[in-house]
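Here is the structure we will look at, set down as structure tokens.
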Amino acid sequence: MQNSWRWRVFAATWLSYAGFYFCRKPFSIVKATLGEELAFDATTLGAIGTAYLISYTLGQFVAGAAGNKWGPRILLLSGMAVSLGVNIGFGFGNSVATFSTLMVLNGLAQATGWSNNVGTMASWFGRQERGRVMGIWATCYQVGGVAANTMAAWVLGAYGWRHSFFAGSAVLLVVWVFFLFNQRNRPEDL
């Protein structure tokens, strides 16, 4: 039973980190169109993007410690939920203040991803196997980034920039549900 759970956790954490990209990438894909439609100049768009990077960076320092204290599961479920909610908010946003505030929240939510997913994997796979297992697992960020960019660009062309955010949220919601049923912090939690 524990062996099947190891692979469920592998899949859940892989999808979690790949899924985060679906709520990380839309802004960079749609920003030119967003800027034209909402009259945001390049400096404004750069400032909004910088808000994300600063909050993501600061959040990285907090997320690992918070995961150690409360457990990766709660941090990851919360981070994914906030990120998908924020992206729904982006889809309805119209002002610099709204985008900037949501971008800060998204950065903090996205920061829960790496340390807590990797921490979960460390609890489920022994030291001797981690190199091989994590080498495969780490494909999540390449696959997630390419898939998220592709989807956001396609949705932008087909339905407009607002729907690029909504589509990313829909993907992350599906991942969130899968994660809810297939991730546990450590074998002792079963």
Side-chain angles (χ1 to χ4, degrees), residues 1-29 52-53 55-87 106-155 164-165 167-190:
M1 177 170 164
Q2 183 174 334
N3 196 41
S4 71
W5 266 95
R6 284 167 32 115
W7 299 108
R8 288 171 70 177
V9 167
F10 180 99
T13 56
W14 191 97
L15 286 170
S16 168
Y17 201 74
F20 269 114
Y21 278 88
F22 286 85
C23 288
R24 181 182 301 179
K25 292 293 190 172
F27 180 78
S28 63
I29 297 298
Y52 169 83
L53 293 173
S55 63
Y56 181 76
T57 301
L58 295 174
Q60 289 280 342
F61 289 103
V62 176
N68 287 339
K69 182 172 182 168
W70 294 302
R73 179 178 169 81
I74 192 71
L75 266 285
L76 288 162
L77 286 168
S78 299
M80 285 187 282
V82 169
S83 192
L84 73 88
V86 160
N87 272 259
N106 200 36
L108 294 172
Q110 291 273 328
T112 64
W114 185 260
S115 59
N116 289 293
N117 278 312
V118 170
T120 299
M121 290 294 292
S123 295
W124 282 91
F125 293 90
R127 243 177 240 269
Q128 314 311 19
E129 60 192 338
R130 281 190 203 148
R132 178 178 36 85
V133 170
M134 292 306 290
I136 297 165
W137 184 89
T139 61
C140 60
Y141 72 89
Q142 291 103 348
V143 173
V146 169
N149 281 338
T150 302
M151 189 185 81
W154 181 81
V155 173
S164 289
F165 290 113
S169 292
V171 170
L172 192 55
L173 177 60
V174 170
V175 170
W176 187 93
V177 171
F178 183 85
F179 187 90
L180 178 67
F181 292 106
N182 292 286
Q183 190 273 359
R184 299 296 180 269
N185 291 333
R186 57 192 192 279
E188 297 81 18
D189 293 345
L190 294 178

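Within the model, atoms OH of Y17 and CG of N116 stand 11.5 Å from one another, a figure rounded to the nearest 0.5 Å. For the atom pair OG1 of T120 and CZ of F125, the computed distance is 11.0 Å after rounding to the nearest 0.5 Å. To the nearest 0.5 Å, atoms CZ (R24) and CG (L172) are separated by 10.5 Å. Here the CE atom belonging to M80 is positioned 9.5 Å from the CG atom belonging to L15, to the nearest 0.5 angstrom.
Of the possible donor and acceptor atoms, none in the side chain of Q183 sits under 3.5 Å from a partner among the backbone N and O of L180. In this structure a side-chain-to-backbone donor-acceptor pair under 3.5 Å is present from R130 to A122. A donor-acceptor pair under 3.5 Å links the side-chain atoms of S169 to the main chain of L84, judged by distance alone. Judged by distance alone, the side chain of R8 and the main-chain N or O of F181 form a donor-acceptor pair under 3.5 Å. Judged by distance alone, the side chain of S78 and the main-chain N or O of I74 form a donor-acceptor pair under 3.5 Å. In terms of modelled atom types and a separation under 3.5 Å, the side chain of S28 and the main chain of K25 share a donor-acceptor contact. The backbone N or O of G135 sits nowhere less than 3.5 Å from a side-chain atom of T139 that would complete a donor-acceptor pair. Of the possible polar contacts, none joining the N182 side chain to the V9 backbone as a donor-acceptor pair under 3.5 Å is found.
Across all non-hydrogen atoms, the minimal contact from V133 to M121 is CG1-CE, 3.6 Å. Residues S83 and A109 share a closest heavy-atom pair of N-CB, 3.8 Å. Closest of all the heavy-atom pairs between F165 and F27 is CE2-N, 3.7 Å. A pairwise comparison of heavy atoms in V155 and A167 identifies CG2-CB, 4.0 Å as the closest pair. Between G79 and T112, the closest heavy-atom pair is CA-OG1, 3.5 Å. Heavy atoms only, all atoms of each residue included: S16 and L76 are closest at OG-CD2, 4.1 Å.
The aromatic rings of Y56 and Y52 lie parallel to each other, their planes meeting at an angle below 30°, with 60° marking the opposite boundary.
Checked against the 6.0 Å centroid criterion, the rings of W137 and W124 do not qualify as a close aromatic pair. No close placement of the W176 and F179 rings is indicated, their centers lying 6.0 Å or farther apart.
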For C23 and V86: C-alpha separation, side-chain torsions, deciding distance, then whether side-chain contact (heavy atoms from CB on, under 4.5 Å) applies. CA-CA 8 Å; C23 288; V86 160; over 6 Å; no
side-chain hydrogen bond (donor to acceptor under 3.5 Å, both in side chains) between S115 and Q60, intermediate numbers included: CA-CA 8 Å; S115 59; Q60 289 280 342; 5.1 Å; no
Steps toward side-chain contact (heavy atoms from CB on, under 4.5 Å) verdict (F20, W114): CA-CA 10 Å; F20 269 114; W114 185 260; over 6 Å; no
If you apply the rule side-chain contact (heavy atoms from CB on, under 4.5 Å), what do you find for I136 with F10, and how did you get there? CA-CA 10 Å; I136 297 165; F10 180 99; 3.8 Å; yes
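Residue Y141 places its OH atom among 12 or fewer non-hydrogen atoms of other residues, nucleotides or ligands, all under 6.0 Å distant. No more than 12 heavy atoms of other residues, nucleotides or ligands shown are found within 6.0 angstrom of CD on Q128.
Contact annotation: the side chain of N149 never approaches that of Y21 to less than 4.5 Å [non-hydrogen atoms, C-beta and beyond].
Counting only N and O atoms by type, the side chains of S164 and W154 include no donor and acceptor under 3.5 Å apart.
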